[in-house]
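By convention in this document, chain letters (A, B, ...) are assigned in the order of the sequence lines, proteins followed by strands, and residues within each chain are numbered from 1.
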Amino acid sequence: MCNNIRVRFAPSPTGNVHIGNIRAAIFNWLFARHTGGKFLLRVEDTDLERSTPEAIKTLLESMEWLKLDYDEPVVYQTANVNEHLKAARKLLDSGHAYKSDKGGKGECIIFKMPSEGRLEYNDLVKGRMRKKAEDTQDFVIVRSDGSPVFHLANVVDDILQGITHVIRGDDHVENTFKHIELFKALGAQPPAYAHLPMIVNNMGKPYSKRDGSAFVGEFREQGYLPDALFNFLLLLGWAPGDDREIMSREEMIKAFSLDRCKASAARFDLKKLRWMNGEYIAAMPKDEFKKEFLRRVSDAGIPTEPLGCTVDDVIVPVQPRTKTFGDIPANCIYFFTEDYPFSEAAVAKRLKQPEAGRILEETASRFESIHDFTEEAAEDVIKELAEKYGGMGAVVHPVRVAVSGVSEGPGLFEMLRLIGKERTIARLRRAIPQTAL
RNA sequence: GCCCCUAUCGUCUAACGGUUAGGACAUCAGGUUCUCAUCCUGGAAAUCGGGGUUCGAUUCCCCGUGGGGGUGCCA
């Protein structure tokens, strides 16, 4: 039961966490949880300009939001600079590195790559990787200003943290040959490597902010659930092998393995994410949904008390229809205020009709005589009118638009009941001017 | 230019030499419903091209082509 598998997520805090990046974290986390190893977080904060406290806070929040817990205190790379430089001196002393002023910027330290033979390693995702030594080049490990370069810092930190498996993005494949040589030159055992394919846009280019939401925080803002995003990202480049798609964290942990990761890039499909998010929302406990629902309504500046019913009443028909929480204010505003907007398209299609005005007035006046405004009572009225005006649609549609401003939503009779008799009647009459052709 | 990787429906993917090439999202048609969402039924939809190896290739090899990554002071 005792293994010493140790993996890490090593982002540089830039203020935003890219989905490609967080996916690497997800795969690392799953690998650690599956194997019973340790998942560590290392913040590569050596870029002092971008690594602000706020950026680090954003990173940690994203991790927490996705429930990516780590097993040891966060390591900050800046704390290890002396170790990096010590390693550089060691490499200088052992003849693995040399000083040079090639670019004329001053003296830097360059690591010497093998000049002959073949470099190879076994990538847990991509398989056997090989490269002729003559196709590699020496590279800078300490800049002329004395600061360690990524390659050095990364490798030294991995040694310091005892990392056994490096699971990271595809863009590091070439670096791996360099890193392995560094490990060896420093007298350390290189870790195993697994390179995850990139997430690309529909042009096949790396997915960026230009392609839509690219950062964890944006999805959170738009009302995606962390579990849905997690699940969706996992399925980009990995599949359990059977037909399961929506899986619990436990199932994922149990099923995860690196050798089932794909080696080719995956396109980001927002439609599928939306669908999956809707599935997760539908499965949410009522009180959890209610909490987030109220937060969204409140943030939109809408009163949080429905006009004619309770929040719980509203939630019943709304939850199963919600794809993202960001859609909620626009979809439910008419339950909370008389100042609800009318969709132009809906008005044009349903209210600007020859008989619409008469239908609304007639519906209103018939509703007036209902004592107990139940769904059944409302339905009876509408059905009667439907016979007169040529079908349910002819009556239902204008009434729906009049009382809600939009052409879709909960069942009409349920909606009317929630809005209430007097308010419904008032809304119907108030909408009549809009039926003028 | 050179080096490395990669290639199954529109998209995400399954099929680790033998399947009518499966599932999901999206899409289309029909059913249910007052709309939307859900739900049910059905349809269309793929192995990049060319050579090999093999009794047999989506699967293995080679060559193209497309895409991605890298290429001495970004990470």
Side-chain angles (χ1 to χ4, degrees), chain A residues 10-12 14 21 44 46-47 50 100-111 113 119 123 125-127 129-132 134-145 147-151 153-154 168-178 195 197-200 202-206 232 235-246 259-260 262-276 278-279 282 317-323 331 346 350 379 382-383 386 391-397 399-401 404 406-416:
Chain A
S12 24
T14 59
N21 228 247
E44 306 211 328
T46 48
D47 183 339
R50 294 194 297 175
S100 168
D101 186 12
K102 261 285 178 61
K105 298 179 193 172
E107 204 166 60
C108 63
I109 301 176
I110 295 178
F111 182 76
M113 284 293 276
L119 308 178
D123 194 293
V125 171
K126 291 179 173 298
M129 304 290 282
R130 59 192 75 200
K131 203 175 178 72
K132 289 198 282 287
E134 63 198 73
D135 290 326
T136 68
Q137 285 178 309
D138 298 352
F139 59 96
V140 175
I141 52 175
V142 178
R143 297 187 189 85
S144 44
D145 69 2
S147 62
V149 167
F150 161 74
H151 302 297
N154 195 262
R168 61 194 351 180
D170 227 349
D171 47 334
H172 285 296
V173 165
E174 295 288 326
N175 292 336
T176 304
F177 293 102
K178 299 176 180 176
H195 286 95
M198 323 247 358
I199 295 175
V200 299
N202 45 25
M203 303 282 286
K205 305 286 182 192
F232 177 76
L235 261 23
L236 249 36
W238 181 87
D242 48 41
D243 287 338
R244 282 179 297 170
E245 292 212 309
I246 293 185
D259 56 26
R260 290 205 63 86
K262 284 226 347 172
S264 56
R267 282 172 167 69
F268 189 84
D269 181 8
L270 190 63
K271 288 219 179 102
K272 187 151 185 176
L273 207 211
R274 264 186 80 81
W275 164 77
M276 189 171 278
E279 297 289 307
V318 167
Q319 182 170 358
R321 276 163 238 267
T322 302
K323 297 298 179 208
N331 288 347
R350 304 303 187 187
E379 184 168 1
I382 301 280
K383 276 190 172 154
M392 286 292 272
V395 182
V396 163
H397 297 316
V399 169
R400 170 185 293 282
V401 174
S404 75
V406 291
S407 56
E408 69 279 335
L412 181 65
F413 312 123
E414 181 174 18
M415 184 193 286
L416 295 180

Indicate, with a heavy-atom threshold strictly under 4.0 Å, whether [X] touches base, sugar-phosphate, or nothing.
X	answer
L412(A)	base
M129(A)	sugar-phosphate
F150(A)	base
R350(A)	nothing
S144(A)	base
H151(A)	base
G411(A)	base
I110(A)	base
S407(A)	base
G409(A)	base
P206(A)	sugar-phosphate
E44(A)	sugar-phosphate
G106(A)	base

Distance, [atom1] atom - from [M] to [N], rounded to whole angstrom:
N	M	atom1	answer
G64(B)	U27(B)	P	41 Å
C16(B)	A21(B)	C1'	15 Å
A26(B)	U11(B)	P	16 Å
A46(B)	U8(B)	P	14 Å
G51(B)	A57(B)	P	13 Å
C34(B)	C28(B)	P	22 Å
G23(B)	A14(B)	P	15 Å
U59(B)	U19(B)	C1'	13 Å

Quick check for you: among [options], whose closest atom lies nearest to any side-chain atom of [X]?
X	options	answer
S12(A)	U35(B), U6(B), A75(B)	A75(B)
V140(A)	G72(B), G68(B), U35(B)	G72(B)
A239(A)	A24(B), U13(B), G70(B)	U13(B)
D101(A)	C3(B), A24(B), C73(B)	C73(B)
D135(A)	U6(B), C3(B), C12(B)	C3(B)
K131(A)	A75(B), G23(B), C3(B)	C3(B)
K262(A)	A14(B), C73(B), C25(B)	A14(B)
K205(A)	A7(B), G67(B), C4(B)	G67(B)
E408(A)	C25(B), C36(B), A75(B)	C36(B)

Inset, instruction - Compare the aromatic ring of H172(A) with the six-membered base ring of A75(B) and state whether they stack according to the 5.5 Å and 30° rule. - result: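 Taking the rule of under 5.5 Å and under 30°, the ring of H172(A) does stack on A75(B).
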Legend entry - Whole-Å distance separating the CZ atom of F268(A) from the P atom of G68(B): 19 Å
Inset, instruction - Can you tell me the distance, in whole Å, between the CZ atom of R400(A) and the C1' atom of A37(B)? - result: 11 Å
Counting only Watson-Crick pairs (N1-N3 plus N6-O4 or O6-N4) and G-U wobbles (N1-O2, O6-N3), all under 3.5 Å, who is the partner of [N]?
N	value
U58(B)	none
U27(B)	G43(B)
C2(B)	G70(B)

Side-chain donor/acceptor of [X] to backbone N/O of [Y], under 3.5 Å:
X	Y	answer
D269(A)	L273(A)	no
S404(A)	V401(A)	no
R260(A)	W238(A)	no
D123(A)	H195(A)	yes
R321(A)	G409(A)	yes

Between [N] and [X], is there an OP1 or OP2 to side-chain N/O distance shorter than 4.0 Å?
X	N	answer
R260(A)	A15(B)	yes
R267(A)	G10(B)	no
R143(A)	A75(B)	yes

Between the base of [N] and the side chain of [X], is there any donor-acceptor pair under 3.5 Å?
X	N	result
Q137(A)	G72(B)	no
K323(A)	A37(B)	no
N175(A)	A75(B)	yes

Inset, instruction - Return the 5'-most residue of the pair M198(A), W275(A) with respect to RNA chain B, ranking by each residue's nearest nucleotide. - result: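 Final value for this comparison: W275(A).
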Inset, instruction - Please figure out whether P197(A) or L273(A) has its closest RNA chain B nucleotide nearer the 5' end. - result: P197(A)
Legend entry - Salt bridge K126(A)-D170(A), side-chain N to carboxylate O under 4.0 Å: yes
Inset, instruction - Using a strict 4.0 Å threshold on nitrogen-to-oxygen distance, state whether E408(A) and R400(A) make a salt bridge. - result: no
Inset, instruction - Give a yes or no on whether the ring-centroid distance for F232(A) and F268(A) is below 6.0 angstrom. - result: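 F232(A) vs F268(A): aromatic centres under 6.0 Å.
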Inset, instruction - May I ask you to check whether F150(A) and H172(A) place their ring centres under 6.0 Å from each other? - result: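 Yes, ring centres under 6.0 Å apart.
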